Amino acid sequence: MNKAEALEFMALKEPLGEKTLLEKYMERYNYFQMLHANAPSKAVEQIQQQNLQKLNQAKKTLLEEMTVKKQHFSRKESVPAVKPEPEPPKSNLPEVAGWLIVHTENKKTETFDLYEGVNYLGRKKEDEKANYILILDDPFVSRTHAFIKCKKIRGEYQFGLYDGDGNKPSVNGVFLNGNEERINLNCLLKENDTVQIGTTKLVFKIKKDYRSITGELEEILQTDYIKTIDVDK
């Protein structure tokens with residue numbers, strides 16, 4: 001877990017002090033412990049256990065970052081100023097614009113990032129440079145089953161869902177919100193839409209500044225499953 005992921009998971013922003021970090025850690029620790037103790041199922045209990053592990057890792061990452069900063073400050077005060085090292089080049093990865101969260105009966109809950117540009121969904125990665133959401137445990141999912149195109153319009157992201165790989169539609173279709181009619185080539189996605197490819201259902205969420213993926217996941221775990229369309233006909 002890197003620094004940015006740790007800050008997002010703990011819902012913290014810089015500048016950050018050790019006292020603030022530890023107070024936030026205890027707040028979220030008590031919250032996850034409560035969810036773990038009251039988990040309605042083994043699956044939810046396991047997710048909360050993973051959240052507690054991630055919380056400890058986030059605290060460790062941020063404390064190590066603070067220690068490095070303190071050591072750097074001490075050296076800076078004790079030695080003559082030197083020419084700073086050039087900053088490393090910024091990452092070319094676009095920012096996360098939204099998520100798909102697996103919410104299917106008897107399937108492990110997983111979260112997938114959506115980026116500006118094209119995001120493919122399928123069971124085999126065809127292009128190393130593209131963002132691929134791999135569904136490996138569903139025999140009804142095509143190699144490239146669908147894709148989501150994300151673009152910013154007047155400052156807000158818009159998400160289009162497309163059936164197939166751009167050249168031909170998928171064999172088993174793409175379904176939305178339990179509707180038995182497969183989508184007609186493409187459609188716009190809205191917050192909380194459920195996309196079904198094969199027998200796998202994924203809930204669509206737009207990233208918001210005031211909510212983390214953890215908060216979105218907890219909300220989805222409390223909702224009922226959308227009807228699964230039978231594609232094996």
Side-chain angles (χ1 to χ4, degrees), residues 1-6 8-9 50 54 87-104 107-177 179 181-209 212-214 216-217 220 226 228-229 231-232:
M1 178 180 290
N2 60 35
K3 177 183 174 184
E5 291 169 338
E8 180 179 0
F9 184 75
Q50 291 171 352
K54 288 175 68 176
E87 291 187 5
K90 293 184 178 180
S91 170
N92 291 325
L93 280 177
E95 66 177 15
V96 175
W99 299 287
L100 286 177
I101 303 174
V102 175
H103 191 48
T104 309
K107 277 185 180 283
K108 180 178 71 173
T109 300
E110 294 184 83
T111 63
F112 300 102
D113 293 338
L114 294 171
Y115 299 98
E116 187 170 3
V118 177
N119 305 263
Y120 293 98
L121 294 83
R123 59 180 170 81
K124 185 173 179 60
K125 192 167 186 176
E126 304 284 357
D127 181 355
E128 289 299 321
K129 295 180 180 179
N131 182 40
Y132 263 82
I133 293 170
L134 296 178
I135 308 297
L136 302 175
D137 58 349
D138 190 333
F140 298 101
V141 172
S142 303
R143 289 163 67 96
T144 300
H145 196 109
F147 63 93
I148 294 174
K149 186 181 290 185
C150 170
K151 59 183 177 179
K152 189 171 280 188
I153 299 177
R154 293 188 290 277
E156 293 188 357
Y157 286 116
Q158 185 180 88
F159 298 82
L161 172 65
Y162 295 76
D163 183 6
D165 59 6
N167 295 315
K168 59 182 180 180
S170 62
V171 174
N172 292 311
V174 178
F175 301 88
L176 197 63
N177 299 325
N179 190 327
E181 294 294 325
R182 60 188 289 171
I183 69 168
N184 184 17
L185 298 182
N186 65 81
C187 65
L188 287 178
L189 281 175
K190 305 186 299 296
E191 179 80 357
N192 293 318
D193 275 346
T194 296
V195 177
Q196 180 180 329
I197 63 171
T199 60
T200 301
K201 294 174 290 189
L202 307 103
V203 180
F204 167 67
K205 296 296 247 181
I206 300 173
K207 184 178 180 184
K208 309 174 189 70
D209 291 337
S212 68
I213 182 59
T214 305
E216 302 288 9
L217 181 59
I220 288 172
I226 291 288
T228 303
I229 304 303
V231 298
D232 187 20

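Not measured: the values here are computed from a predicted model. The figures that follow rest on heavy atoms only: side chains count, while hydrogens, waters and symmetry mates do not.
For the atom pair NE2 of H103 and OG1 of T194, the computed distance is 7.5 Å after rounding to the nearest 0.5 Å. Rounding to the nearest 0.5 angstrom, the gap separating the CG atom in D163 from the CG atom in L121 is 11.0 Å. E110 CD to L134 CG: the interatomic distance, rounded to the nearest 0.5 Å, is 10.0 Å. Here D113 contributes atom CG and N131 contributes atom CG; the two are 7.5 Å apart, rounded to the nearest 0.5 Å. Atoms CG and OG1, on D138 and T104 in that order, are 8.5 Å from each other to the nearest 0.5 Å. The CD atom of E5 sits 13.0 Å away from the OG atom of S212 when rounded to the nearest 0.5 Å.
Residues V102 and T109 form no side-chain contact, since every pair of their non-hydrogen atoms from C-beta on lies 4.5 Å or further apart. Between L189 and L176 the shortest side-chain heavy-atom distance falls below 4.5 Å. Annotation: side chain of L161 is not in contact with side chain of N186 (no heavy-atom distance under 4.5 Å). For the pair L185 and Y162, the minimum side-chain heavy-atom distance is 4.5 Å or more. At least one side-chain heavy atom of F204 sits less than 4.5 Å from a side-chain heavy atom of L114.
Using a 4.0 Å cut-off between a side-chain N of Lys or Arg and a carboxylate O of Asp or Glu, R143 and E126 qualify as a salt bridge. A salt bridge links E216 with K208; the closest basic N to acidic carboxylate O contact falls under 4.0 Å.
The salt bridge (charged side-chain N to carboxylate O under 4.0 Å, His left out) check on R123 picks up nothing, with sequence neighbours excluded. With sequence neighbours excluded, no residue forms a ring-ring contact (aromatic ring centres under 6.0 Å, His included) with F175. In this structure, the side-chain contact (heavy atoms from CB on, under 4.5 Å) partners of L188, at least two apart in sequence or on a different chain, are Q158.
With N172 contributing its side chain and G198 its backbone, the two residues share no donor-acceptor pair below 3.5 Å. Of the possible polar contacts, one joining the N119 side chain to the I148 backbone as a donor-acceptor pair under 3.5 Å is found. Side chain of E191 to backbone of I206: a donor-acceptor contact under 3.5 angstrom is found. At least one donor-acceptor pair closer than 3.5 Å links the side chain of D165 to the backbone N or O of K168. In this structure, the side chain of E156 does not engage the main chain of I153 through any donor-acceptor pair within 3.5 Å.
Of all non-hydrogen atoms in G98 and V96, the two that sit nearest each other are O-CG1, 3.5 Å. Heavy-atom minimum distance, A97 versus E116: CB-N, 4.4 Å. What you find for G164 and F147 is that their closest heavy atoms are O-CD2, 3.3 Å. Considering every non-hydrogen atom in both H145 and F140, the closest pair reads CE1-O, 3.6 Å.
No cation-pi contact links K149 to F159, judged by a cut-off of 6.0 Å to the six-membered ring centre and 45° from its axis. Relative to the ring axis of Y157, K152 places its NZ or CZ within 45° and under 6.0 Å from the centre.
Between the side chains of T144 and K124, no donor-acceptor pair of N or O atoms lies under 3.5 Å. Between the side chains of N177 and D193, at least one donor N or O lies within less than 3.5 Å of an accepting N or O.
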Take K107 and D137, measure what side-chain contact (heavy atoms from CB on, under 4.5 Å) needs, and give me the verdict at the end.
CA-CA 9 Å; K107 277 185 180 283; D137 58 349; 3.3 Å; yes

One pair to check against side-chain contact (heavy atoms from CB on, under 4.5 Å): N192 and K205. What are the steps and the verdict?
CA-CA 6 Å; N192 293 318; K205 296 296 247 181; 2.6 Å; yes

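Within 6.0 Å of NZ in K125 there are more than 12 heavy atoms belonging to other residues, nucleotides or ligands.
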